[in-house]
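Notes to accompany the following structure.
For clarity, every value in this text was computed on a predicted model and none was experimentally measured.
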Amino acid sequence: MTSSPDLIVTGTNPVVIAFKAATSTIPIVAFMLDPLKAGLVTKLAKPGGNLTGITLDCRDRDLGKAPGDN
C-alpha cells in the first residue's frame with residue numbers, strides 16, 4: 001500500500017483477499033461471500049486480525065423459522 005488510510009471498506013472476496021495480504025494493521029470492513037471458504041477467517045463469531053464485516057452467506061441458518069418459533 002502506498003498510503004496509510006485509517007480504515008478500508010471494501011467488498012467482493014478478491015478485493016478483500018488483496019487488502020488482507022497488503023496489510024495486517026489497517027482495519028478492514030468488508031461485505032463478502034463465505035469468508036470461511038475463502039480462508040479469510042477461521043470462524044465468523046470472532047474473525048480475528050484486522051478483518052471484520054458482513055457476510056451474505058446464510059447456509060447455516062434456518063430461514064424457514066420466524067423469530068420466537070421453536
Can you list, pair by pair, the side-chain donor-acceptor contacts under 3.5 Å of residues 38-51, counting residues two or more places apart and other chains?
unit_1	atom_1	unit_2	atom_2	d
Asn50	ND2	Thr23	O	3.2
Asn50	ND2	Ile26	O	2.8

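Taking all atoms of both residues into account, the shortest heavy-atom contact from Val16 to Ala30 is CG2-CB, 3.5 Å. Scanning both residues, Val15 and Gly11, for their nearest heavy atoms gives CB-O, 3.5 Å.
To the nearest 0.5 Å, atoms NZ (Lys20) and CD1 (Ile8) are separated by 11.5 Å. To the nearest 0.5 Å, the span separating CG on Leu33 from OG1 on Thr12 amounts to 9.0 Å. If you take CG on Leu7 and CD1 on Ile28, they are separated by 9.0 Å, rounding to the nearest 0.5 Å.
For Ile54, the side-chain contact (heavy atoms from CB on, under 4.5 Å) test picks out Phe31, with sequence neighbours left out.
Met32 and Leu36 fall within the same hydrophobic cluster, where Ile, Leu, Val, Met, Phe, Trp and Tyr residues are linked whenever their side-chain heavy atoms come under 4.5 Å apart, directly or through other members.
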